[in-house]
Amino acid sequence: MTQIGFASRPNRIAARPPAPIPWMRRVLWGLLGMFSLGLLAAALYLVPQLATVGLVLLGLGLPIVFLLWYRPEVGLLGLIFLTGSFIPENIVDLRLPIGGGLDLCDLVLIGLFGVVCLRGLNRGTLKVPWWPVGGPLLLFLVIAMFSALYALVFEHVESNWALGDLRILSLYLSFYITLWSIKRPEQLKILLVGLFIIADLTSVIVYLQQFLGVDNPVLQAMVSTRDWRVYQQTGGVRVVPAGQVLMHFMWFVALGLLIFARPNWRLRTFCVMQLLFIGGGHLFTYMRAEWVALIIGLGLILVILVPNYKRHLAKVVIIACGIIPILILISAGGALSQVSATPFVAGISARFSSLLAPLETSESGSLQWRAFEEEKALQAFRKQPWTGVGLGNRYRNVTTFQGEALGWMTEGNIATDRVSRFTRYVHSSYFSIAVKMGIPGLIVILWFCAAVLLQGFQVYRGIPDSGYKGVVLGVLVGFAGLLVWCYF
């Protein structure tokens with residue numbers, strides 16, 4: 001029943017709900033406790049091994065859930081650390097009856113996503129701005145789910161292949177929603193520091209692998225998976241890390257902070273060290289597409305900043321005109337001849353000079369293979385332009401091109417699961433989305449990319465000069481460079 005109370009003003013009656021009854025709450029909690037104990041006793045009697053494992057996971061999981069509830073940025077950093085493949089993901093491998101399974105990264109993602117959603121609903125703060133960026137991303141995930149269902153039902157694709165591709169695409173939406181739970185400045189600072197630490201750890205492993213060589217991998221992922229790839233390159237060891245995209249973004253974030261954090265000399269020193277350290281890691285990847293993305297990002301920074309710094313443009317030109325002749329004279333005098341003869345410098349120079357000779361570079365085996373993939377993907381796309389072949393499906397058969405059928409691409413292993421992986425994969429992300437998800441998927445992902453660039457530039461222009469503006473600038477130009485990188 002409703003209790004009636006008289007307000008301070010006359011002729012007004014204030015109605016309020018009845019006070020809670022303490023003994024009722026105690027009874028409910030007691031019944032819940034008895035039911036939990038009975039359920040635990042039944043589980044220990046019927047499935048003792050599974051119940052024991054559940055108790056261990058519960059004991060370990062409750063502190064983690066408590067931490068994620070109050071510090072979602074720490075959970076996000078943990079998820080990014082796991083995607084870097086520093087530790088084996090298969091230490092937890094939960095097989096599913098429908099095919100495939102969930103590894104440690106998947107379980108952390110599901111747990112983090114669930115905790116963030118419950119936290120937002122409990123506090124009434126689960127507000128995700130779906131326009132103009134979140135909307136196309138959500139629509140893209142809906143199309144991806146339809147593509148996976150189409151592949152399973154109509155194309156009879158193995159469930160592990162279809163759900164594996166869907167898992168990768170759903171990661172972006174979950175990451176986007178989780179990121180919006182980070183709203184306080186101190187949370188952003190913790191996230192940035194953690195991201196720099198992960199990027200530096202990735203660079204340390206890249207540097208360390210140079211001394212150990214190809215035959216002594218630092219991480220298990222270099223042997224058991226293709227998340228980390230190690231090759232013998234002319235001039236040194238080529239290491240392609242799992243966190244190469246994170247290195248790319250954090251390099252530009254450091255550059256943005258260096259530009260806009262002028263009063264803080266400690267932060268500027270830190271940013272210079274990050275630019276040198278992470279930039280060196282970029283060189284040891286020997287990835288031309290990554291270098292092109294860096295060059296494009298630097299060019300965009302100049303285009304964006306020149307209108308605001310016209311008064312300093314003349315000084316930059318004068319300094320450049322003085323440095324360039326000095327470098328030419330030193331090179332002509334042979335002072336750098338010994339340095340240029342070292343294997344590392346020679347390998348980097350040869351790789352970089354190939355960017356200046358696109359016609360010759362197009363004849364290389366790697367670019368010819370990419371052209372072959374795109375040609376076959378385009379043929380499959382023309383046959384099914386609206387639905388695509390479906391997520392996880394093959395878009396071509398195994399061929400003899402570059403010895404694929406003989407196992408030259410898989411270290412001599414011609415097992416079906418190893419060889420067929422290349423018949424489902426396209427290096428170009430745009431061709432991959434088009435051939436698997438059709439025209440709708442390609443249009444929506446291009447819409448999303450355009451929305452990120454436009455919205456990012458508007459946010460950049462609306463923020464006053466500060467470190468936050470540098471972070472936005474770094475993410476913006478890094479994403480623009482990534483769009484070109486994804487083509488290759």
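- Smallest separation of non-hydrogen atoms from L219 and W228: CD1-CE2, 3.6 Å.
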* So I296 and V292, side chain to side chain contact (heavy atoms under 4.5 Å, CB included) or not? Walk me through it. -> CA-CA 6 Å; I296 291 175; V292 170; 3.8 Å; yes
Compile the donor-acceptor pairs under 3.5 Å between side chains in residues 431-449 and protein atoms, sequence neighbours left out, one pair per line.
from	atom 1	to	atom 2	distance (Å)
K436	NZ	D165	OD2	3.0
K436	NZ	R424	O	2.7

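- Shown here for G481 and A293, the closest heavy-atom pair between the two residues is O-CB, 3.3 Å.
- Using bins of under 30°, 30° to 60° and over 60° for the plane-to-plane angle, the ring pair W369/F372 lands in the tilted bin.
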* Would M145 and L169 count as a side chain to side chain contact (heavy atoms under 4.5 Å, CB included) if you check the C-alpha gap in whole Å, the side-chain angles of each, and the deciding distance to 0.1 Å? -> CA-CA 9 Å; M145 295 175 64; L169 298 179; over 6 Å; no
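- Counting heavy atoms from C-beta on, the side chains of V237 and Q232 come closer than 4.5 Å.
- Side-chain atoms of V475 and V253, non-hydrogen and from C-beta on, do get closer than 4.5 Å to each other.
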* Evaluation steps, side chain to side chain contact (heavy atoms under 4.5 Å, CB included), between V398 and F422 -> CA-CA 8 Å; V398 178; F422 289 94; over 6 Å; no
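- The structure places OG1 of T83 at 9.5 Å from CZ of F81, a figure rounded to the nearest 0.5 Å.
- Listed by chain and number, the residues in a salt bridge (charged side-chain N to carboxylate O under 4.0 Å, His left out) with R370 amount to none (sequence neighbours excluded).
- With hydrogens and angles disregarded, a donor-acceptor distance shorter than 3.5 Å links the side chain of Q209 to the backbone of N216.
- Residues T202 and F86 have side chains in contact (heavy-atom distance under 4.5 Å, counting atoms from C-beta outward).
- Aromatic ring centres of Y286 and Y231: separated by at least 6.0 Å.
- Atom CE of M250 and atom CG of D200 lie 8.5 Å apart (nearest 0.5 Å).
- Two rings, from H282 and F284, have their centers 6.0 Å or more apart.
- In this structure, CG on L300 lies 10.5 Å from CG on L305, to the nearest 0.5 angstrom.
- No donor-acceptor pair under 3.5 Å is formed between the side chain of Y460 and the backbone N or O of K469.
- Going from atom CG of L378 over to atom CD of E374 covers 9.0 Å, rounded to the nearest 0.5 Å.
- Between the side chain of E373 and the backbone N or O of H427 there is at least one donor-acceptor pair closer than 3.5 Å.
- Atom CG of L257 sits about 11.5 Å away from atom CZ of R268, to the nearest 0.5 Å.
- Scanning both residues, V389 and A380, for their nearest heavy atoms gives CG1-CB, 4.4 Å.
- In this structure, the side chain of Y395 engages the main chain of Y425 through a donor-acceptor pair within 3.5 Å.
- Taking CG from L482 and OH from Y487, the interatomic distance works out to 15.5 Å, rounded to the nearest 0.5 Å.
- The minimum heavy-atom distance linking G478 with F252 is given by the pair CA-CD1, 3.8 Å.
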* To do: Determine, step by step, whether L453 and L476 satisfy the side chain to side chain contact (heavy atoms under 4.5 Å, CB included) criterion, reporting the C-alpha distance in whole Å, the side-chain angles of both residues, the deciding distance to 0.1 Å, and the verdict.
  => CA-CA 7 Å; L453 292 177; L476 176 62; 4.1 Å; yes
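- A heavy-atom distance below 4.5 Å is found between the side chains of L188 and Y468.
- The closest side-chain heavy-atom distance from Q274 to W251 is not below 4.5 Å.
- Scanning all heavy atoms of the two residues, the minimum distance from S85 to D227 falls at OG-OD2, 2.9 Å.
- In this structure, V142 has no side chain to side chain contact (heavy atoms under 4.5 Å, CB included) partners at least two apart in sequence or on a different chain.
- F154 is not listed as a side-chain neighbour of N393, based on a closest heavy-atom distance of 4.5 Å or more.
- Considering only heavy atoms from C-beta on, K376 stays 4.5 Å or farther from V426 through its side chain.
- Of all heavy-atom pairs between M247 and I278, the closest is O-CG2, 3.6 Å.
- Here the side chains of M287 and H248 are not in contact, with every heavy-atom distance at 4.5 Å or above.
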